[in-house]
Each structure stands twice: as structure tokens, then as C-alpha cells.
Amino acid sequence: KPSKEVLEKVAREYAGSVARHGPAGVSRLNENAAFETYLTEQLNAPGNREGMLLSSSYRKAMEGPAGPAKVQVAGQRLVKEMSSPQAQAVVRYSAATAGVVLALAALFHFGFRRRTRT
């Protein structure tokens, strides 16, 4: 069973995440009265100053809208990149080389079969 400090830390981390990013939009967490009660008890435990400060921010975030409508994630933008001309050439030449090798193998195989049948 985790210690009191670990439980308080997990509660603070979760409440801080909800305060920063908004609720997850998952009914298991957002509409769970038992979880809300437990989290409030952990945040408001005696001596947990950071938890007490987070408690009001957490409540405000939970009262607002859930998910992306409230907060958009900021960060780098994913951009589709085309491969370099050199990489495209390697693929093209590899495919051409494979085709030539396959054709030569087929000619050798069928030529050898013709020779052995006569």
C-alpha cells in the first residue's frame, strides 16, 4: 500500500494536470463522486499546502468545458516532408536494379531449361 506522501503527490499531480489542461472528458474520472471525494480529501489533507492551492484551480477547471474546446495543445507542428532527391534516387535505382536482376534470373532459368530439354 502506498504511503501518505505518495498518495498526496499523485493527487497533486493529477489536480495540477487538470488545472493546466482541463478535464479528460472521461466519465470514469469526471462523473465519479467517490473519486472526487477521495481527491478532495487528499488535496485538503493537513499539511498539504500545495494541494490546498490546487484544489480551487482543480474545481474551476472541472466546472468548465472538457477537452480540446477549452485548451489547445501548444507545441511544434507536424509537417509532412518529402524525402530528399537523393533518397528518392536510391529508391528508384534500387527498384530498377531489382527488376534487372529478376529479368536476368528469369532469362538464365528459362535459357538453361531450354538447353537441357534439347
Side-chain angles (χ1 to χ4, degrees):
K1 194 169 185 177
S3 67
K4 178 183 174 184
E5 292 81 21
V6 170
L7 292 174
E8 287 177 1
K9 182 179 180 183
V10 170
R12 283 193 312 266
E13 292 293 325
Y14 176 75
S17 175
V18 170
R20 284 189 305 276
H21 305 292
V26 180
S27 61
R28 271 187 309 182
L29 299 175
N30 297 348
E31 299 167 7
N32 188 338
F35 178 72
E36 289 291 324
T37 303
Y38 176 77
L39 186 64
T40 303
E41 288 173 1
Q42 290 298 320
L43 291 174
N44 295 324
N48 189 359
R49 290 182 185 210
E50 187 180 345
M52 289 180 191
L53 294 173
L54 280 172
S55 185
S56 63
S57 300
Y58 172 78
R59 271 188 259 117
K60 287 178 188 174
M62 289 302 287
E63 290 170 2
K70 183 178 179 190
V71 177
Q72 280 192 330
V73 176
Q76 295 180 350
R77 185 177 205 178
L78 295 177
V79 178
K80 185 176 181 179
E81 291 184 8
M82 301 302 290
S83 60
S84 67
Q86 181 182 9
Q88 290 175 350
V90 167
V91 171
R92 189 174 336 133
Y93 292 134
S94 297
T97 302
V100 168
V101 168
L102 188 60
L104 288 174
L107 287 173
F108 178 76
H109 175 71
F110 291 118
F112 183 74
R113 283 184 66 196
R114 180 191 267 174
R115 212 184 260 168
T116 57
R117 284 190 177 181
T118 50

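This one's a predicted model, so the numbers in the text were calculated from it and none came from an experiment. Numbers here simply count residues along the sequence, with the first being 1.
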*Asks:* To the nearest 0.5 Å, what is the distance between CD on Glu13 and NZ on Lys9?
*Replies:*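 So the CD of Glu13 and the NZ of Lys9 are separated by 6.0 Å.
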
*Asks:* Can you name the side-chain contact (heavy atoms from CB on, under 4.5 Å) partners of Leu53, sequence neighbours left out?
*Replies:* none

*Asks:* Side-chain heavy atoms under 4.5 Å apart, restricted to Ile/Leu/Val/Met/Phe/Trp/Tyr: what other residues fall into the cluster of Leu102, or is it alone?
*Replies:* none

*Asks:* From Lys60 NZ over to Ser55 OG, what is the distance, rounded to the nearest 0.5 angstrom?
*Replies:* 11.0 Å

*Asks:* What are the two closest heavy atoms between Arg12 and Leu54, and how far apart are they?
*Replies:* O-CD1, 3.3 Å

*Asks:* Quick one: closest heavy-atom pair of Met52 and Pro46, and the distance?
*Replies:*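 Closest approach of Met52 to Pro46: CE-CA, 4.5 Å.
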
*Asks:* For residues Tyr14 and Leu43, determine if any side-chain heavy atom of one lies less than 4.5 Å from a side-chain heavy atom of the other.
*Replies:*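 Result no, sub-4.5 Å side-chain heavy-atom pair not found.
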
*Asks:* List the atom of Tyr58, the atom of Ala19, and the distance in Å for their closest heavy-atom pair.
*Replies:*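 Where Tyr58 meets Ala19 most closely, the heavy atoms are N-CB, 4.3 Å.
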
*Asks:* Quick one: side-chain contact (heavy atoms from CB on, under 4.5 Å) partners of Thr97, sequence neighbours excluded?
*Replies:*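 Testing Thr97 for side-chain contact (heavy atoms from CB on, under 4.5 Å), a comparison that skips the adjacent residues, returns Val101.
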
*Asks:* Quick one: list whatever passes side-chain contact (heavy atoms from CB on, under 4.5 Å) with Lys4, sequence neighbours left out.
*Replies:* Glu8

*Asks:* Kindly compute the distance separating CG (Asn44) from CG (Leu39), expressed to the nearest 0.5 Å.
*Replies:*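 The CG atom of Leu39 is 9.0 Å from CG of Asn44, to the nearest 0.5 Å.
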
*Asks:* Run the side-chain contact (heavy atoms from CB on, under 4.5 Å) test against Ser17 and tell me which residues pass, sequence neighbours left out.
*Replies:*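 So Ser17 forms a side-chain contact (heavy atoms from CB on, under 4.5 Å) with Arg20, His21.
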
*Asks:* Tell me, please, which residues at least two apart from Glu41 pass salt bridge (charged side-chain N to carboxylate O under 4.0 Å, His left out).
*Replies:* none

